[in-house]
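Side chains included, hydrogens not; waters and symmetry mates left out as well; all remaining heavy atoms used. Within every chain, numbering begins at 1; the chains are lettered A, B, ... in the order of the sequence lines, protein sequences first and strands thereafter.
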There are 2 protein chains.
Amino acid sequence: MKKREYNDGCATAHALDIVGERWALLIMRELMLGPKRFSDLRASLPGISANLLTQRLEGLESVSVLRRRKLPPPAASWVYELTEWGLESEKMIKEIGRWAARSPNMVPGKQMSVNSVILSLRTMFNADLAEGLDFTLGMRLGEQEFITRISQGMLEIDHGEASRGDVLLICDQNALAATVYGGVPLDQLIDDGAIQIKGDKNLLERFCRLFPLPDTAPDLHS
Amino acid sequence: MKKREYNDGCATAHALDIVGERWALLIMRELMLGPKRFSDLRASLPGISANLLTQRLEGLESVSVLRRRKLPPPAASWVYELTEWGLESEKMIKEIGRWAARSPNMVPGKQMSVNSVILSLRTMFNADLAEGLDFTLGMRLGEQEFITRISQGMLEIDHGEASRGDVLLICDQNALAATVYGGVPLDQLIDDGAIQIKGDKNLLERFCRLFPLPDTAPDLHS
DNA sequence: CGGCATCCGGGAAGATACTG
DNA sequence: CAGTATCTTCCCGGATGCCG
């Protein structure tokens, strides 16, 4: 056993062999919405060292989770992107997040990356609460733009021109998380200047209530 | 940051903080079908040291994933059991296994624990293929007995008296995996003495075809 | 800017031995 | 059986420096 592996026929154990190392799953999370460059990855993973990021990218490439691709000129830089199979890990990553959302040890209010907020919306979206709704919402979160479509009880969020939405939301990802998950009133964030809106504010308020968090599980040592 | 944590508000990152350490998820897998004692756990996790198992159990208890409980006399020994929330991780663990089942690096034929085989059946069960089937199957896998019920396109497997099934299967878990996943003909395993059957063999053969594996994802370096 | 190479300290993992 | 104690090894994380 050279590369410290569980020698176990179980598929879950195999998953841990290939994506169980520190940072691996978070790197995949950061690539879930599209390819990124080395420094973008590094910027969205607070605390990882360049060294380790290199190692992980090599490891994940060697097991066919992601590939390294050269952008056409004039960009000419390298990007990392998930393979199709790598992309399929979204279900698993969401299920992990859904489970952990009930953790009694989860501390709210910590910083999140743009990608984690978007993925958390995809995870916690409650179709029943969205019945009858039909609209699009543009989001400008820092450098990135997203377009969200809610119709027929379905949610889609992808990169796209934010200005094309029925409503436009401009803020940073933590402000969005604060109102969707933290219950901070939208008006307060607008007054603070943390959030800017163009369009129907009521639509946005309804949007924010579509992502209820589950109850926290009992803490055995509280 | 004492205990090496991702300082990330993302629920998936939090999950890694609490169950991302080596062995943690496999310990949970081993407790998924019911409480176990220290040495049973150790026996079903080939390669873990007593040392580390102690640490992990303490860690998982401290985050309310499992609890330590003293059995009533005359047993009077300690067992470890998942909390309700810990049990809810089954969906996540299955989703991880389902994803990894497509890995191009998965080597078939490795040893599996009894619990992993049972959980893999729960994971890979295909409801469409079970339409119209209605029977029970008892399984005696080493020391453990299970009763499986298939009806209305649903599968249930739990600990229970194997002899009460319409069919009884006696074998070790690797033989079961070999025929269900490895495509080894039942007859061959019977001839080898690896499997014993009491009851309708055809029923068992149909059972074995209810758990198709997904296609393997492309290997970038093949 | 976008990495790769190297070194170094600390801590986690693994092996072995031992105890109640 | 159910763990401790000890020791070694290896991985992680940080810093620095090199190179295209």
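A heavy-atom distance below 4.5 Å is not found between the side chains of A/K110 and B/H14. A heavy-atom distance below 4.5 Å is found between the side chains of B/V65 and B/L82.
The interatomic distance linking B/L52 (CG) with C/dA17 (C1') rounds to 17 Å, in whole Å. Whole-Å rounding puts the B/L16 CG to D/dC12 P distance at 14 Å. Taking atom CG on B/L57 and atom C1' on D/dC1, their separation rounds to 15 Å, with Å as the unit.
Using a 4.0 Å cut-off, some side-chain N or O of A/T54 falls inside it from OP1 or OP2 of C/dC4. The side chain of B/W23 places no N or O atom within less than 4.0 Å of a non-bridging phosphate oxygen (OP1 or OP2) of C/dA12. Taking 4.0 angstrom as the limit, B/R56 places a side-chain polar atom (N or O) nearer than this to OP1 or OP2 of C/dA13. Listed pair B/Y80 / D/dA2 fails the phosphate criterion, with no side-chain N or O lying under 4.0 Å from OP1 or OP2. For B/R22, no side-chain nitrogen or oxygen approaches OP1 or OP2 of D/dC11 to under 4.0 Å.
The terminal axes of the helix from C/dC1-D/dG20 to C/dG20-D/dC1, fitted over 5 pairs per end, subtend an angle of 40° to the nearest 10°.
For A/D172, the salt bridge (charged side-chain N to carboxylate O under 4.0 Å, His left out) test picks out no residue, with sequence neighbours left out. Applying the side-chain contact (heavy atoms from CB on, under 4.5 Å) test to A/Q173 and every residue at least two apart in sequence or in another chain returns A/V114, A/V117.
Contact detail for B/P212 and B/N126: the closest heavy-atom pair is CD-CB, 3.9 Å.
At a cut-off of 3.5 angstrom, counting only N and O atoms as typed in the model, there is a donor on one side and an acceptor on the other between the side-chain of A/N51 and the base of D/dG14.
Ring-plane geometry between A/F125 and A/F211 is classed as tilted, the angle between the planes lying from 30 to 60 degrees on a 0 to 90 degree scale.
Counting only residues at least two apart or on different chains, the ring-ring contact (aromatic ring centres under 6.0 Å, His included) pairs with a member in residues 83-120 of chain A are A/W85-B/W99, A/W99-B/W85. Within the structure, ring-ring contact (aromatic ring centres under 6.0 Å, His included) pairs that include any residue of residues 30-60 of chain A do not occur (at least two apart or interchain).
Counting only N and O atoms by type, the side chains of B/N7 and A/Q111 include no donor and acceptor under 3.5 Å apart.
Within residues 32-43 of chain B, the residues that place at least one heavy atom under 4.0 Å from DNA chain D are, in residue-number order, B/R37, B/F38, B/S39.
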